[in-house]
Amino acid sequence: MKFVYIENLRNFVNEEVELRGWLYNKRESGSVKFIILRDGTGFVQCILSKTDVPVEIFERNIPYESSIVVRGIVREDKRAPGGYEVLVKDIKVITESENYPIPKVREDNIPDVDVLMPMRHLWIRSKKQWAILRIRSEVEQAIHDFFYNRGFIRTDAPILTPASVEGTTTLFEIDYFGKPAYLSQSGQLYVEATMMSFSKVYCFGPTFRAEKSKTRKHLSEFWMVEPEVAYAELEDVMDLAEELVEYIVERVLERKMEELKILERDIKELESVKKPFYRITYEQAIEKLMKKGFNIKYGDDFGADEEKGIVEEYDKPVSIMFYPKEIKPFYMKIDYIDKTKVRNFDMLVPYVGEIIGGSQREEDIETLISRIREENLPMELYIWYLETRKYGGVPHSGFGLGVERTVLWITKAQHIRETIPFPRLLEKIYP
RNA sequence: GCCUCGGUAGCUCAAUGGUAGAGCGGCGGGCUGUUAACCCGUAGGCUGCAGGUUCGAGUCCUGCCCGAGGCGCCA
């Protein structure tokens, strides 16, 4: 008896196999019963015919989400969802799960999030969540492959940190052997240091923001990939960012088509995500918005409506470059020509807004010191950072890409909480 | 922090101030190819909490609690 996964069933047509999984759904019609089995790799219809299985197996009523082991013969059949099905010979129930709390229901009867969220540990078994999280896995793997293939070294940054990276945002404070410490809001300062050892680096890990944000695209804990490249100027990492995004989408289209179909995602929109993307300046963005009737002036940052107003002008991701230095953090490099601007970019996509923020970094130690003073940051905590400039500082650039926002964009999930297995949201930390 | 909407059966929702209902799910029965199956039957309720108005409140009023959506902050 061969134990196989559903994703490989096509290779075992007319053979007897064993499947191990959970009862996802069922229907019955007199002497024929249909069971939808899921095993993590896919879903398959299993047929119980009264004449083919022992009567005690046929008559046993197995509740939803019971764990079961099914033996049967693989058949190709057009009537089966997915084209393959299993004629059951035997079913073994491992654990019977009575009264599964999430109803198997119709679309007009899907429980509200306040019902589903406390059951996130069970909700992730449902088909859409399964599809979204499989795509998340593919996105993460694509990121690693992309950088690995380009010779980047993965150097992860610490999660416990003595100070804020940017100084302004609210951090989660913890007790570190009697002294205050903070959960990292970005690994950037640390990859700037490891870059001086390895030239091309990235970190990949969780980041934490204690802001009281309550929107479709904010989490208190989210994952970010942050590459940093020595001797790279702004335009170099913009190329890198666009190639990364193009690659991620390509990989999902190549390997996760079934999941995109479950989510009813418009494939054409994703297929058009090919370089070159669009690049505009901050000033061009302001002008465009003013022409469209937005109440905005030079020097303002873009809110949710403004981001949407810009993104809807384009059929691909668009990057906005050269923001006024006042609305950006201290480490960004002042532009060569216009000293009021920084050499940065934000990449925006439809439905989500910003998925990438990046910049060329300030390498001049004196400029950095005065910027740190201007921002009233604790200089003593940045000594090590300044030393990366003191000893062989070079021009360099990097960016951060938000994993969940990228998954949100690709899957068009209803809310960012569906793009991570166990989301941490404003004041919500269960389960 | 601000604005808006909501809370009635396990879930999704109805119910002019006048006997609390339906669909789905559960349970029982029927159907030999179902596709979010279908048909028959059945159980299931402190209408978020506390006051008030009224002959009578799910419905009107006041306060509170909880939730959702959006904005802001931010990535």
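So that the names make sense, note that chain A is the first sequence line, chain B the second, and so on, each numbered from 1. Just so you know, these numbers come straight off a predicted model, no measurement behind them.
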Exercise. Kindly write out the residues that satisfy side chain to side chain donor-acceptor pair (under 3.5 Å) with A:Asn99, not counting sequence neighbours, or none if the list is empty.
Key: none
Practice problem: Using the test ring-ring contact (aromatic ring centres under 6.0 Å, His included), find all partners of A:Tyr282 that sit at least two apart in sequence or belong to another chain. | Solution: A:Tyr298, A:Phe302, A:Tyr323
Practice problem: Round to a whole Å and report the spacing from CG of A:Leu408 to P of B:A75. | Solution: 17 Å
Quiz item: Does the B:G72 base have a donor-acceptor partner in the side chain of A:Glu211 within less than 3.5 Å?
Solution: no
Quiz prompt | C1' spacing across the pair B:G58 / B:C46, given as an integer number of angstrom | solution = 12 Å
Exercise. Name the closest nucleotide to the A:Ile47 side chain, picking from B:G33, B:C74, B:G69.
Key: B:G33
Self-check item: A:Val115 side chain, from C-beta outward: closest of B:G70, B:G72, B:U12
Solution: B:U12
Quiz item: With sugar-phosphate meaning primed atoms plus P, OP1 and OP2, does A:Asp112 contact a base, only sugar-phosphate, or nothing at under 4.0 Å between heavy atoms?
Solution: sugar-phosphate
Quiz prompt | Spacing between A:Lys33 atom NZ and B:U32 atom P, to the nearest angstrom | solution = 13 Å
Self-check item: Heavy-atom side-chain proximity of A:Ile248 to A:Ile410 below 4.5 angstrom
Solution: yes
Quiz item: Just how far, in rounded Å, is P of B:C66 from CG of A:Leu425?
Solution: 17 Å
Exercise. Would you mind classifying the nucleic acid contact of A:Leu219 as base, sugar-phosphate or nothing, using non-hydrogen atoms under 4.0 angstrom?
Key: base
Self-check item: Among B:G25, B:U35, B:U12, the one nearest A:Gln45 by side-chain distance
Solution: B:U35
Exercise. Check whether the aromatic ring of A:Phe34 stacks on the base of B:G33, taking stacking as ring centres less than 5.5 Å apart and planes within 30° of each other.
Key: no
Quiz item: Which listed nucleotide (B:A75, B:G72, B:C11) is nearest to the side chain of A:Pro111?
Solution: B:C11
Quiz item: Among B:U35, B:G25, B:G33, which is the nearest nucleotide to the side chain of A:Tyr64?
Solution: B:G25
Practice problem: Using the side chain to side chain donor-acceptor pair (under 3.5 Å) rule, pick out the option among A:Arg361, A:Gln188, A:Glu362 that qualifies with A:Tyr331. | Solution: A:Gln188
Quiz item: Can you find a side-chain donor-acceptor pair between A:His396 and A:Glu192 that sits under 3.5 Å?
Solution: yes
Exercise. Apply ring-ring contact (aromatic ring centres under 6.0 Å, His included) to A:Tyr5 and list each qualifying residue two or more places apart in sequence or on a separate chain.
Key: A:Phe3
Quiz item: With sequence neighbours excluded, what pairs up with A:Phe422 under the ring-ring contact (aromatic ring centres under 6.0 Å, His included) test?
Solution: none
Quiz item: With respect to the side chain of A:Arg417, which nucleotide from B:C11, B:C74, B:A68 is positioned closest?
Solution: B:A68
Quiz item: Does the side chain of A:Ser397 pick up a donor-acceptor pair with the side chain of A:Glu233 at under 3.5 Å?
Solution: no
Quiz item: Please give, in whole Å, the distance from B:C74 C1' to A:Glu404 CD?
Solution: 15 Å
Quiz prompt | Contacts of type side-chain contact (heavy atoms from CB on, under 4.5 Å), residue A:Leu425, not counting sequence neighbours | solution = A:Leu219, A:His415, A:Arg417, A:Pro423, A:Lys428
Practice problem: May I ask you to list the residues of residues 10-32 of chain A, by number, that have any heavy atom positioned under 4.0 Å from an atom of RNA chain B? | Solution: A:Arg27, A:Glu28, A:Ser29, A:Gly30, A:Ser31, A:Val32
Practice problem: Would you mind reading off the distance between A:Asn109 atom CG and B:A22 atom C1', rounded to a whole angstrom? | Solution: 12 Å
Quiz item: Heavy atoms under 4.0 Å, any strand shown: does A:Ser49 hit a base, just sugar-phosphate, or nothing?
Solution: nothing
Exercise. Output yes when at least one side-chain N/O atom of A:Asn61 is less than 4.0 Å from OP1 or OP2 of B:C27, else no.
Key: yes
Quiz item: Hey, what's the ring geometry for A:Tyr278 with A:Tyr314, parallel, tilted or perpendicular (30° and 60° as the breaks)?
Solution: tilted
Exercise. Just compare B:G69, B:C11, B:U34 and give me whichever is closest to any side-chain atom of A:Arg79.
Key: B:U34
Identify each atom pair where a protein N or O and an N or O of nucleotides 39-44 of chain B are less than 3.5 Å apart, giving names and distance.
none

Quiz item: Roughly, in whole Å, what's the span from CD1 in A:Ile102 to P in B:U12?
Solution: 12 Å
What pairs of donor and acceptor atoms, side-chain ones from residues 42-59 of chain A against any protein atom, are under 3.5 angstrom apart with sequence neighbours left out?
{"unit_1": "A:Gln45", "atom_1": "NE2", "unit_2": "A:Glu85", "atom_2": "OE1", "d": "3.3"}
{"unit_1": "A:Ser49", "atom_1": "OG", "unit_2": "A:Thr51", "atom_2": "OG1", "d": "3.1"}

Between protein and nucleotides 1-6 of chain B, what N or O pairs are separated by less than 3.5 Å?
none

Self-check item: Which residues share a side chain to side chain donor-acceptor pair (under 3.5 Å) with A:Lys261, sequence neighbours left out
Solution: none
Exercise. Could you verify whether a donor N or O on one side chain and an acceptor N or O on the other, from A:Arg216 and A:Gln414, lie under 3.5 Å apart?
Key: no
Practice problem: State which of B:C71, B:A68, B:C74 makes the closest approach to the side chain of A:Lys428. | Solution: B:A68
Exercise. Give the ring-plane orientation class for A:His144 versus A:Tyr202, where under 30° counts as parallel, over 60° as perpendicular and anything between as tilted.
Key: tilted
Self-check item: Paired stretches of RNA chain B - 3 or more consecutive Watson-Crick or G-U pairs, each distance under 3.5 Å
Solution: B:1-7 with B:65-71, B:10-13 with B:21-24, B:26-30 with B:38-42, B:48-52 with B:60-64
Quiz item: For the ring pair A:Tyr100 and A:Tyr64, is the centre-to-centre distance below 6.0 Å?
Solution: no
Quiz item: To the nearest angstrom, how far is A:Phe43 atom CZ from B:U34 atom P?
Solution: 22 Å
Quiz item: Residues two or more places apart in sequence or in another chain: which of them pass ring-ring contact (aromatic ring centres under 6.0 Å, His included) with A:Tyr430?
Solution: none
Quiz prompt | Sugar-phosphate, base or nothing in reach of A:Gly400, heavy atoms under 4.0 Å | solution = nothing
Quiz item: Between atom CG in A:Leu401 and atom P in B:A75, what is the gap in whole Å?
Solution: 14 Å
